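Here is the structure we will look at, set down as structure tokens.
None of the values given here were measured: they were computed from a predicted structure.
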Amino acid sequence: MSFWAVSRGLTPPSKVVPMLNPNQRHFLEDEVRYREKLKLMARGDAMEEVYVRKQETVDDPLELDKHDSFYQTTKSLLVLFQIMGVMPIHRNPPEKNLPRTGYSWGSKQVMWAIFIYSCQTTIVVLVLRERVKKFVTSPDKRFDEAIYNVIFISLLFTNFLLPVASWRHGPQVAIFKNMWTNYQYKFFKTTGSPIVFPNLYPLTWSLCVFSWLLSIAINLSQYFLQPDFRLWYTFAYYPIIAMLNCFCSLWYINCNAFGTASRALSDALQTTIRGEKPAQKLTEYRHLWVDLSHMMQQLGRAYSNMYGMYCLVIFFTTIIATYGSISEIIDHGATYKEVGLFVIVFYCMGLLYIICNEAHYASRKVGLDFQTKLLNINLTAVDAATQKEVEMLLVAINKNPPIMNLDGYANINRELITTNISFMATYLVVLLQFKITEQRRIGQQQS
């Protein structure tokens, strides 16, 4: 086009400036800096003013293990999941070009999980058959007892979803664990100091023990509050309730670790800004922050089916238990049986609150709090290269929001609590309207 215009004595059209997204712009700037570095190397000049992103290298597995404090402090929960057969991932031998955490359908961990699952399923099937038989053959049973049967029958079905919801996502869980391992070593190489997780080791052990103690307490309370709840039924519900508690503990630990990593990165950035020529390090900090945001997204992707089933069980159980308790109070007054239903309601809502609240705090610490510290930097006191790197880091935060998302199904935050409560209230109002209408009709027939 330009040659055609020049040959006819016309003014050639100006060049069209392309519109680049942040990733394309970052890549282009790295290429320009790399060319400048090559020119300086050819002339033999110093290269202190030119910073180029470090090339990815294969890390030593022994060094990865040395700095993988997150795995070392949370190993007890991982081993507990392996014993329960919930998530049979394993630690690979320290060999190069081999991820530290892996998942294989032929591993001994998976074989053990299949064995445990088979034994547990046998007990679940026996209990399920007994409960369904009693539910069908006792039509004159009180309403609250029928509600108990519906709740505990629905809990038994979560056992059959375990291979689909958990084992199938084993490779994604291994990817998430490897992201934590690589991130800690990358953080150490960039900042010169490791990420320290204070009190995480005793906290993990405490949550492992507490998850099983809470499961035993809940099942025994139902055994004493329900006349038809036999003691051997509890052996089917112990691992199911403990699994729900352990997944809540897993979510709490990871969200806590995200906040700790973000705070460590923020402190390292503040220290670097006060030093000389901080632009040489800010690019690496930007990559560290983006990796941390991607890890938060990978957590929801790896456990999407499990936590999706988790939320559905909580939603269904809470509605049924609340409706059953209110209906029985209206019909026969408050008794100890309704206390058991309220225990289930508070237990389910407590789990939902912990998951949503911790996800909210993790997103705020990694996103808003980190962004606020960047905005408080006095850009007039730093050089132009540092100003540019700070702006690029703010753009990266804006384009990669740290959102806890269940693989596109739902965002886990405080809004999910209010949404669930509003839906529950709507369903309860409709169900209670039917209940009140039925009572009026029975009263009119009796009169």
Side-chain angles (χ1 to χ4, degrees), residues 71 74-93 99-129 131 152-178 180 204-219 232-254 299-314 351 355 406-407:
Y71 169 76
T74 62
K75 184 179 179 180
S76 55
L77 186 59
L78 174 62
V79 173
L80 180 60
F81 273 135
Q82 292 175 344
I83 295 174
M84 296 171 60
V86 176
M87 181 51 64
I89 58 176
H90 60 271
R91 196 74 167 174
N92 288 322
R100 296 303 303 118
T101 304
Y103 180 87
S104 174
W105 287 101
S107 64
K108 60 181 181 180
Q109 287 81 7
V110 174
M111 296 297 105
W112 170 258
I114 294 174
F115 171 74
I116 291 295
Y117 178 75
S118 302
C119 298
Q120 180 179 333
T121 303
T122 302
I123 302 175
V124 168
V125 169
L126 294 175
V127 175
L128 180 61
R129 186 178 64 179
R131 282 201 165 271
F152 282 93
I153 287 174
S154 65
L155 283 177
L156 290 175
F157 280 101
T158 60
N159 175 77
F160 302 106
L161 298 176
L162 182 63
V164 178
S166 182
W167 297 356
R168 189 170 65 91
H169 285 259
Q172 292 295 328
V173 176
I175 291 174
F176 173 71
K177 296 294 184 182
N178 289 320
W180 258 121
T204 305
W205 268 103
S206 301
L207 289 175
C208 291
V209 176
F210 179 74
S211 297
W212 270 93
L213 291 179
L214 182 61
S215 174
I216 295 172
I218 291 175
N219 283 284
W232 72 276
Y233 288 178
T234 59
F235 291 97
Y237 293 103
Y238 286 145
I240 294 177
I241 303 298
M243 179 185 67
L244 298 178
N245 297 336
C246 287
F247 271 111
C248 184
S249 302
L250 175 70
W251 189 271
Y252 177 84
I253 289 172
N254 278 284
L299 173 63
R301 188 179 301 112
Y303 295 98
S304 59
N305 285 1
M306 241 7 256
Y307 285 106
M309 180 191 71
Y310 201 94
C311 294
L312 290 177
V313 169
I314 290 175
L351 293 179
I355 291 175
L406 296 182
D407 202 14

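- Looking at heavy atoms from C-beta onward, Ile240 lies in side-chain contact with Gln120 at the 4.5 angstrom threshold.
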Go through the steps to decide whether Leu351 and Asn245 satisfy the test side chain to side chain contact (heavy atoms under 4.5 Å, CB included), and finish with yes or no.
CA-CA 8 Å; Leu351 293 179; Asn245 297 336; 4.1 Å; yes
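- Nearest approach of Tyr303 to Leu406, heavy atoms of both residues: O-CD2, 4.5 Å.
- With values rounded to the nearest 0.5 angstrom, Lys177 atom NZ is found 6.0 Å from Leu78 atom CG.
- For Asn178 (side chain) and Arg100 (main-chain N/O), a donor-acceptor pair under 3.5 Å exists by modelled atom type.
- Between the side chain of Ser166 and the backbone N or O of Leu162, no donor-acceptor pair lies under 3.5 Å.
- Distance check: Leu214 CG to Leu207 CG gives 11.0 Å after rounding to the nearest 0.5 Å.
- For Trp232 and Phe235, the gap between ring centers reaches or exceeds 6.0 Å.
- When side chains are defined from C-beta on, Tyr117 counts as touching Pro163, because their heavy atoms get closer than 4.5 Å.
- Nearest approach of Met84 to Pro239, heavy atoms of both residues: CE-O, 3.9 Å.
- At least one donor-acceptor pair closer than 3.5 Å links the side chain of Trp251 to the backbone N or O of Ile355.
- Phe81 is listed as a side-chain neighbour of Leu250, based on a closest heavy-atom distance under 4.5 Å.
- Contact annotation: the side chain of Ile123 never approaches that of Tyr233 to less than 4.5 Å [non-hydrogen atoms, C-beta and beyond].
- Listed for the Gln82 side chain is no donor-acceptor partner under 3.5 Å among the backbone atoms of Gln109.
- Between the Tyr237 side chain and the Ser215 main chain, no donor and acceptor come within less than 3.5 Å of each other.
- Looking at Phe157 and Val313, their side chains never come closer than 4.5 Å, going by heavy atoms from C-beta outward.
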Checking Leu128 against Ile153 for the side chain to side chain contact (heavy atoms under 4.5 Å, CB included) test, could you report, in this order, the C-alpha distance in whole Å, the side-chain angles of both residues, the deciding distance, and whether it holds?
CA-CA 6 Å; Leu128 180 61; Ile153 287 174; 3.8 Å; yes
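- Taking the six-membered ring for Trp and the full ring otherwise, Trp180 and Tyr71 have centroids separated by 6.0 Å or more.
- Contact check for Phe160 versus Val124: side-chain heavy atoms found under the 4.5 Å cut-off.
- Note: Asp407 CG to Leu299 CG = 12.0 Å, rounded to the nearest 0.5 Å.
- Within the 4.5 Å cutoff, no side-chain heavy atoms of Tyr310 are placed close to those of Thr158.
- When all heavy atoms of Gly170 and Ile89 are compared, the closest pair comes out as O-CG2, 4.0 Å.
- Ile253 and Thr204 get closest at one heavy-atom pair: CD1-OG1, 3.6 Å.
- Here the CZ atom belonging to Arg131 is positioned 13.5 Å from the CG atom belonging to Leu126, to the nearest 0.5 angstrom.
- No more than 12 heavy-atom neighbours from other residues, nucleotides or ligands sit within 6.0 angstrom of CZ on Phe210.
- When all heavy atoms of Asn305 and Val164 are compared, the pair lying nearest together is ND2-O, 3.9 Å.
- Here the two rings, on Tyr103 and Trp167, have centers that are 6.0 Å apart or farther.
- In the model, Asn159 has a side-chain atom that pairs as donor or acceptor with a side-chain atom of Thr121 under 3.5 Å.
- Ring centers of Tyr252 and Phe247: at least 6.0 Å apart, outside the cut-off.
- Taking the ring axis of Phe176 as reference, the NZ or CZ atom of Arg301 does not stay both within 45° of it and closer than 6.0 Å to the ring centre.
- The minimum heavy-atom distance between Leu80 and Cys246, with the atom names listed, is CD2-SG, 3.6 Å.
- Once rounded to the nearest 0.5 Å, the distance linking CD1 of Ile314 with CE of Met309 reads 10.0 Å.
- Thr101 places none of its side-chain heavy atoms less than 4.5 Å from the side chain of His90.
- No donor-acceptor pair closer than 3.5 Å links the side chain of Thr234 to the backbone N or O of Asn219.
- Within a 6.0 Å radius of CH2 in Trp205, no more than 12 heavy atoms belonging to other residues, nucleotides or ligands are found.
- Counted within 6.0 Å of CH2 on Trp105, heavy atoms from surrounding residues, nucleotides or ligands total more than 12; the atom is thus considered enclosed.
- When atom types are taken as modelled, the side chain of Ser107 and the backbone of Ser104 share a donor-acceptor pair closer than 3.5 angstrom.
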